[in-house]
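Working notes, beginning with the structure itself.
Please read all numbers here as calculations on a predicted model, not as lab measurements. A, B, ... follow the sequence lines: proteins, then strands. Residue 1 opens every chain.
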Amino acid sequence: MIRKHDDFATRLLRWFDVSGRHDLPWQHPRTPYRVWLSEIMLQQTQVKTAAPYFERFVAALPTLRDLAQAPLDDVLALWSGLGYYARARNLHAAAIRCVELHGGELPRDLDALTALPGVGRSTAAAIASQAWGDRHAILDGNVKRVLSRYHGVSGYPGLPAIEKRLWQLAEQHVTGAPDARMPDYTQAQMDLGATLCTRSDPSCVLCPLQDDCVARVDGRVAELPTPKPGKTPPQKYAHVLWAEDAQGRILMLRRPPTGIWASLWTLPQADDEPLARDWFERHLSGDYAKAEALSPIDHAFSHYRLQLQPLRWHGTRLRARIGDNDALRWVAREELGSLGIPAPIRRLLETRTET
DNA sequence: AATCCGGGGTA
DNA sequence: TACCCAGGATT
């Protein structure tokens, strides 16, 4: 096969050496544990957002064994505000499994890595290639975007047929990377997609692949990758009960381990106002009618929108037969920081903290 | 293979 | 507001 240029990997690495990101927190030192943690945090999350969480997390739990031994609540508290909390629960479960099955280390084997909860094909490949320099192709959002453009692949990359084609191309390109440079090759693909081959307004004139990028040559850069087909998510409503006792402590509820905001601490929630009253009457003593209705909170999930109407009371007490327990407890304001709390609920509680 | 699931930041 | 970001799990 005759090539007009050096191959994909060679050009990409030459660009990376000059213009790649070499000072990300998880690169110094680049240990398997830190690489793994960073890959999980970076799932569906941008570097800028994840970086401060990463630093805080490794400071609190420096090793995989520390993570395995930590209570889940501590892990969720470190994750609080980062979103996609199943990642934190999977991370914790995976650490425990590594202690049980792999001597407290991450396994250097793609199938064993993929078997860990929260680790799929691309994440396993990213870990193995960066932590040990093993030769594996990755296919994250960045690589999908780069390859869609470079090869002119039309169709939403989330579709199985398109994704299969992109995996084929990724596997093809990875053969061109030098043995000693697998960690850099993996990082280089992500850097190219994140800093240069961006979704909107990419810097094609600086791109090492511009000469034979199909999208560039055909003037289709703005149309690729094909965007996700749109759909209007349903709007849902709920009331949240913000009850405080005489000491100003807040009644918090631990959500079940599955579903939205799994295992996180939130305010008690009811699907409508009569159910909110019902919950209040069953659990609290006080005057329901004294509720202060605060301004509603709008929160968007990927598959529906949720509007929360907060109702607030002061000086309430739990009914005697309910009592404090594992899933329902009074929380002092100073304790809020140590609990895993969804971002909109935390914002609600902290912006109204002085009233 | 198709479908489901889910927080937050940004343009 | 629409969109999507270093995807994975379930069916």
Please write out the pairs of protein N or O atoms and N or O atoms of nucleotides 9-11 of chain C separated by less than 3.5 Å, giving the distance to one decimal.
{"residue": "C:dA9", "atom": "OP1", "partner": "A:Gly118", "partner atom": "N", "Å": "2.5"}

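Between the side chains of A:Arg145 and A:Asn142, a donor-acceptor pair is found at a separation under 3.5 Å. Counted by atom type alone, A:Arg165 and A:Gln168 present one or more donor-acceptor pairs between their side chains at under 3.5 Å.
The side chain of A:Val47 sits closest to C:dA6 out of B:dG9, B:dA2, C:dA6. Here the nucleotide nearest the side chain of A:Gln44, chosen from C:dG7, C:dA6, B:dG7, is C:dG7. Of the candidate nucleotides C:dG8, C:dA6, B:dG8, C:dG8 has the atom nearest to the side chain of A:Ser122. For A:Glu39, counting side-chain heavy atoms from C-beta on, the closest listed nucleotide (B:dA2, B:dG7, C:dA6) is C:dA6.
Counting non-hydrogen atoms under 4.0 angstrom, A:Trp26 reaches a base of the nucleic acid. Counting non-hydrogen atoms under 4.0 angstrom, A:Arg346 reaches nothing in the nucleic acid. Nucleic acid contact class of A:Leu24 (heavy atoms, under 4.0 Å, all strands): base. Backbone-only engagement by A:Gln43 is indicated by non-hydrogen atom pairs under 4.0 Å involving sugar-phosphate atoms exclusively. Using a 4.0 Å heavy-atom criterion, one finds that A:Ala343 contacts the sugar-phosphate atoms exclusively. Using a 4.0 Å heavy-atom criterion, one finds that A:Thr123 contacts the sugar-phosphate atoms exclusively.
Rounded to an integer number of Å, the gap from CE of A:Met41 to C1' of C:dA6 is 13 Å. For the pair A:Leu42 CG and B:dG9 P, the computed distance is 14 Å after rounding to whole Å. Per the geometry, CD1 belonging to A:Ile40 stands 7 Å off P belonging to C:dG8, to the nearest Å. A:Leu82 places its CG atom 13 Å from the P atom of C:dG7, with the value rounded to the nearest Å. In this structure, A:Arg87 atom CZ and C:dA6 atom C1' are separated by 10 Å, rounded to whole Å. Atom C1' of nucleotide C:dA6 and atom CG of A:Leu91 are separated by 15 Å, given to the nearest angstrom.
Applying the salt bridge (Lys or Arg N to Asp or Glu O under 4.0 Å) criterion to A:Asp74, with sequence neighbours excluded, gives no partner residue. Judged as a side chain to side chain donor-acceptor pair (under 3.5 Å), and not counting sequence neighbours, the contacts of A:Thr123 are A:Gln43. Applying the side chain to side chain donor-acceptor pair (under 3.5 Å) rule to A:Gln69 yields no partners; only residues at least two apart in sequence or on another chain are considered. With sequence neighbours excluded, the residues that form a salt bridge (Lys or Arg N to Asp or Glu O under 4.0 Å) with A:Arg21 are A:Asp191.
If you find the closest nucleotide of DNA chain B to A:Ser80 and to A:Ala161, the one lying nearer the 5' end belongs to A:Ala161. Comparing A:Lys164 and A:Pro342 by the nucleotide of DNA chain B that holds the closest heavy atom to each, the one mapping nearer the 5' end is A:Lys164.
Formation of a donor-acceptor pair under 3.5 Å by the A:His151 side chain with backbone atoms of A:Leu147 is not found in this model.
Note on A:Lys48: a side-chain N or O is less than 4.0 Å away from OP1 or OP2 of B:dT10. The phosphate of B:dG8 (OP1 or OP2) has no side-chain N or O of A:Gln46 nearer than 4.0 angstrom. OP1 or OP2 of C:dC5 lies within a sub-4.0 Å distance of a side-chain N or O belonging to A:Arg145. Between B:dG8 and A:Tyr53, no contact under 4.0 Å exists linking OP1 or OP2 to a side-chain N or O.
No option in A:Asp179, A:Thr186, A:Thr175 other than A:Asp179 meets the side chain to side chain donor-acceptor pair (under 3.5 Å) test with A:Arg135.
Nucleotides C:dA6 and B:dT3, compared at atom P, are 25 Å apart to the nearest Å.
Within 3.5 Å, no donor on the side chain of A:Arg121 pairs with an acceptor on the base of C:dA6, nor the reverse.
Residues A:Trp313 and A:Tyr288 place their aromatic rings such that the two centres sit under 6.0 Å apart.
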Steps toward side-chain contact (heavy atoms from CB on, under 4.5 Å) verdict (A:Arg254, A:Ser263): CA-CA 6 Å; A:Arg254 190 205 241 289; A:Ser263 300; 3.4 Å; yes
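A cation-pi arrangement is present between A:Arg312 and A:Trp242 under the rule of less than 6.0 angstrom and at most 45 degrees off the ring axis.
DNA chain C lies under 4.0 Å from at least one heavy atom of each of the following residues of residues 183-199 of chain A: A:Gln187, A:Met190, A:Arg199.
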